[in-house]
Structures are given as C-alpha cells and as structure tokens.
Protein chains: 2
Amino acid sequence: MEEQGTSVGNNMQGRLRVTKEAEEHHYDVSKYERPSVTIDVVMMSLRQRDLQVLLIKRRSWPFEGMWAIPGGFVNIDESLEDAAKRELQEETGVQDVYLEQLYTFGDPGRDPRTRVITVVYFALLDSERLQVSAASDAADVGWFSVYDLPPLAFDHEKILQYTLGRLRGKLDYTTIAFNLLPERFTLRELQRVYEIILHKKMDKRNFRKKILSTGILEDTGAKKMEGTHRPARLYRFNPAAESQL
Amino acid sequence: MEEQGTSVGNNMQGRLRVTKEAEEHHYDVSKYERPSVTIDVVMMSLRQRDLQVLLIKRRSWPFEGMWAIPGGFVNIDESLEDAAKRELQEETGVQDVYLEQLYTFGDPGRDPRTRVITVVYFALLDSERLQVSAASDAADVGWFSVYDLPPLAFDHEKILQYTLGRLRGKLDYTTIAFNLLPERFTLRELQRVYEIILHKKMDKRNFRKKILSTGILEDTGAKKMEGTHRPARLYRFNPAAESQL
DNA sequence: ATAATAGTGTCTGTGAGACAGTATTCT
DNA sequence: AGAATACTGTCTCACAGACACTATTAT
C-alpha cells in the first residue's frame, strides 16, 4: 500500500463509482465535495520488555522526516477492515492477528494537503511471529516505545495516546493481552504484559490467583527452562473457557 | 441536513479541494476513486418508560418506505462531530447533549447507490428538553422502542444493536445514564433508566446503596410530589465528584 | 382506612489486595 | 553454596446481592 503522504499519480479527477441500480434510479452521488478516506493501523508489540509501536518515516511533504502511523487509502471495493489487513500484511508480513477498529479521526486541517478522514485500527502482534516475518528493516521503518516517542506527523501523537487508553481499558475485562504473547507462555510473561501496558508493578501471587481462577489458562505440561533457576510452567490460552477475567 | 438517501443534485463532478500548500508541493489527491462519507446519529431518549430511538422514513430508493437512522453528508470544512451536532440540531432542535462517536461502518455494498462510509455517533437526550424542543412530528419522523423496531434500511439494524451494546457496556462504569434524565430526578427514576437499558429488574435497596455511596448525587432539598403517595427526594448529578460508579 | 410509592439495614459470600517464605534449577 | 527465578496461602476489607418492613402522602 502506498504510504500515506507519498505523492500520488497525475491530475486526473477520480471517477466516481456508481452502481447500475443507482443509474437506473437516476441517483447522483457526485454533488458534494468529498473528503478522502484512509485507514491507519497502529501496530503494537512487545519487544525488549517494552510496548512498542511500528512507525514509518515520512519522505515527503508534509511532515517530511517525521514519523507516522502506517496507513493508506481505502480501495473502493474493499471493506475498512480488509484495507487495514492489507496494510498490516504489507508492513509486517503477518496475517491473522488481533485487529480492532479504534476510532475515526477527521478534523479538517489534520492533514494540510486536503480533507482526510482516517479510520484507525489497532493491531496486536506477538513478538515471536513478528521475528519470523520479514521485518522490513529499512531505515524508514522502526519500532518505538510508546513511552518514548519521536516527534510524530499529523495528529498521530493523539492517536497513539488514544490507542494506549483503549488498550489499558480493555485489559482487565477482555482477553486482549494474550494477543501479545506467543501460543505458549509462562504466567510471569503474562504478568509482564500487564505490567508493561498498565505501567505499574503487580503482586505476583494475586495476579496468578486471579488469572488461574478464571480457568482461561490450560497447562501445556511443558516447562520453559532458561537461565540458572527453576523452570516455569508453560500455559496456553483456552478460548473455549470464555471468561472475561 | 439532507436526509441520507434523498436524491441529490445534478451530475457535475464534485470539485476536489486542495490547499494552496498542496498545490505548491505538487501534491495530487485525486488519483483514487473515493468513497462518500456520511455521519449518522443514533438519538436515544427515554419516552413512556421505554428506550426509544428517532428514525426517519425514507421517501426514495433505496429502501423506500423503510425507516432509517438520520444522517447526512459531512461538509468539506466541518469536523465529524460538528456534522453530527448539525444533524442533531436539525432533527430535534436540541443542542448541548451527550454525543459520542460510536463506530464507523463502511462495508462495500452496504448502500446500493455507491460506496458510503458512515461514521456513526450516538446522542442521549433527556425527555424533558425534548418535549420543549420542536418535535418535528411529521409523519416521516418517529420514535421507536429499541426493543420493537420496524424494518430498517441499510445496515441500520446492526448499527442499533451495536449502539445498545455500547450503551449497556458503559452504563456501570460511567455516568452516561444521567444524560437521559432532566437536571433533577428521583432515585427511582434513575433506577428506571438502568432497568430499561439493561432490560432487567434491579433491587431497590442495593441500587440506592450503590449510587449514594459514590457521592455523585447531590440532594436538592426539593421533593417530587405526584400521585397519592409519599413524595420522593429530588437529586442532582454532581459532576465535581468524579466517580466512576 | 386504603392505596400507592418512598425509604431503610443486615447478613453472607466473593473477590481484591497486602504480605513472606519455600522450591527448583544451574554453575 | 550461591544465584536466580518459580511457586504457594492467609488474612482483611470492601462490595454485591438476597431479602421485608416502615414512612408519608392523597383520597
């Protein structure tokens, strides 16, 4: 997908698409000046024990050289979610990840080029799959801590703050956190997800008690041995036991 | 605002709006076929001890004769929220009400005329102010129980279900319910709001205990006398005591 | 007196949070 | 033996939910 902000094409007026039915009914859709619609996808993952977001460095006006949330135009025949999936696929090579519509930002003036309304999605990627996939490690793509962001283009700072708020809000009444972990994980790793996102330490015993009491975890029987200490049990998320923590 | 679906204008191609800056940078925004953007506003209120939504009867193709959520195009220089406020004002004459962006629906094919992406807002109106305002009681505008809806145009049935879900979800961790009541109200009236929205009976003593313990209510000193029974205290919502129930 | 709704208190179970010591592995 | 992290149980307090009777007004 074309990066949002790349200079595009020639000066031909975009043809409006009107269905046969609409023509038959003499329905005309082209009266109004119409805003552009894009989707942006906030992709977050846990990296280096930090909550990080994927950003793209802008190569042209406006906000040249600043970092931005990846996004692009919505194709005329494509659902919003499909557009978001396409963007996700193009940037990370990953499919089938958690994807949720976040909010639609559309203030006039948020983009100096023209009126752009952007439907923002946010995606959670588990670090393991991310490593496998072709990490486009070009100089103009990078992962940044949400707690230490570079200067951002457009209203993208606001969008990221909004995303973080949503993520935190959903953390304790949904199972959203599991999307940041690989299939098998230890309880300590899960706790770390919560601690990083909520940005606070939690009590180990209370955390384990609470999670285990819900029954959403399944003991895989396997253990994770690393380092010079007692190995930890590996659990698996059990979607069948649909509990809301 | 033009009702969504009213046949509009002539066949002139909509002029794109490009800023001076964009022209200077040779930025062209007109390459893509672009979807139309509308806003829809789900307006809900308590009427006759029921949760009702304002709908508009369509007078033309498509879905002629069916009921639809009021909405219209977003003007090129107007924020999404301003467009929603304008729609609200036009339909109910009411201003300064609770208004929240809900979700953006944009599946191709949801509107048979052309690709339409609609940003849906929802508004909560208190019944008292609503009576004062010019209730456009035309035959093609009506209030319907969300629990007994007529056949709806487009994907509006889905949108209303989504709205109801959001309202219910927010009920017990926000103060959203107060927006459906006039400034002064009795505890029983507040309880009725919860009961109607959650569609279940609640225990009077527990409800009062819970609400009063939060401190978000202020006793006005006044009482509401009606009927042949003990009068009820009138309370006021105290936003200062920002509690999340 | 009757009808109608407002208003009030106790008990019990559950879950959240505070809190410290033992277990297992590797070197 | 020491280092490092995994793992476990109890107490207290607050809140949710079940539950029934008295208070006040108008007719």
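Protein chains get the first letters and strands the later ones, always in sequence-line order, with residue 1 at the start of each. Values reported hereafter were calculated over all heavy atoms of this structure, with side chains retained and with hydrogens, waters and symmetry mates removed.
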Of the non-hydrogen atoms in [X] and [Y], which two are nearest, and what is the gap between them?
X: B/Gly106; Y: B/Ile117; result: CA-CG1, 4.0 Å
X: B/Asp219; Y: B/Leu234; result: OD1-O, 3.5 Å
X: A/Leu80; Y: B/Phe105; result: CD1-C, 4.3 Å
X: A/Leu55; Y: A/Pro70; result: CA-CD, 4.4 Å

Start and end of chain B contact along DNA chain C [non-hydrogen atoms, under 4.0 Å]: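 Contact span on the strand: C/dA3 to C/dT10.
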A/Thr38/A/Thr118 under side-chain hydrogen bond (donor to acceptor under 3.5 Å, both in side chains): CA gap, chis, key distance, verdict: CA-CA 5 Å; A/Thr38 61; A/Thr118 188; 3.0 Å; yes
Residues from residues 188-212 of chain A lying under 4.0 Å of DNA chain C - heavy atoms: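 When residues 188-212 of chain A is checked for heavy atoms under 4.0 Å from DNA chain C, the hits, listed by number, are A/Asp203, A/Arg205, A/Asn206, A/Lys209, A/Lys210.
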Identified side chain to side chain contact (heavy atoms under 4.5 Å, CB included) partner of A/Leu124 from the options A/Leu181, A/Val97, A/Leu51, A/Leu180: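 Result for side chain to side chain contact (heavy atoms under 4.5 Å, CB included) with A/Leu124: A/Leu180.
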Pairwise ring-ring contact (aromatic ring centres under 6.0 Å, His included) hits with a residue in residues 205-225 of chain B, at least two apart: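 For residues 205-225 of chain B: B/Tyr194-B/Phe207.
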B/Tyr98/B/Phe178 aromatic ring centres below 6.0 Å: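 No, too far apart.
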Close N/O contacts between protein and nucleotides 12-15 of chain D (under 3.5 Å):
none

Contact pattern, 5' to 3', of nucleotides 22-27 of chain D - B, S or - by protein heavy atom under 4.0 Å: -BBBB-
Atom pair CZ/CD1 of A/Arg168 and A/Ile197 - distance to nearest 0.5 Å: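 One finds 9.0 Å between CZ of A/Arg168 and CD1 of A/Ile197.
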Side chain to side chain, A/Ile216 and A/Asn238, heavy atoms closer than 4.5 Å: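 No; the side chains remain at least 4.5 Å from each other.
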Pairs flagged by salt bridge (Lys or Arg N to Asp or Glu O under 4.0 Å) wherever residues 153-167 of chain A is involved - sequence neighbours left out: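 Those involving residues 153-167 of chain A are A/Glu100-A/Arg166, A/Arg110-A/Asp155.
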Ring geometry between A/Tyr147 and A/His199 (parallel below 30°, tilted from 30 to 60°, perpendicular above 60°):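 A/His199 vs A/Tyr147 ring planes: parallel.
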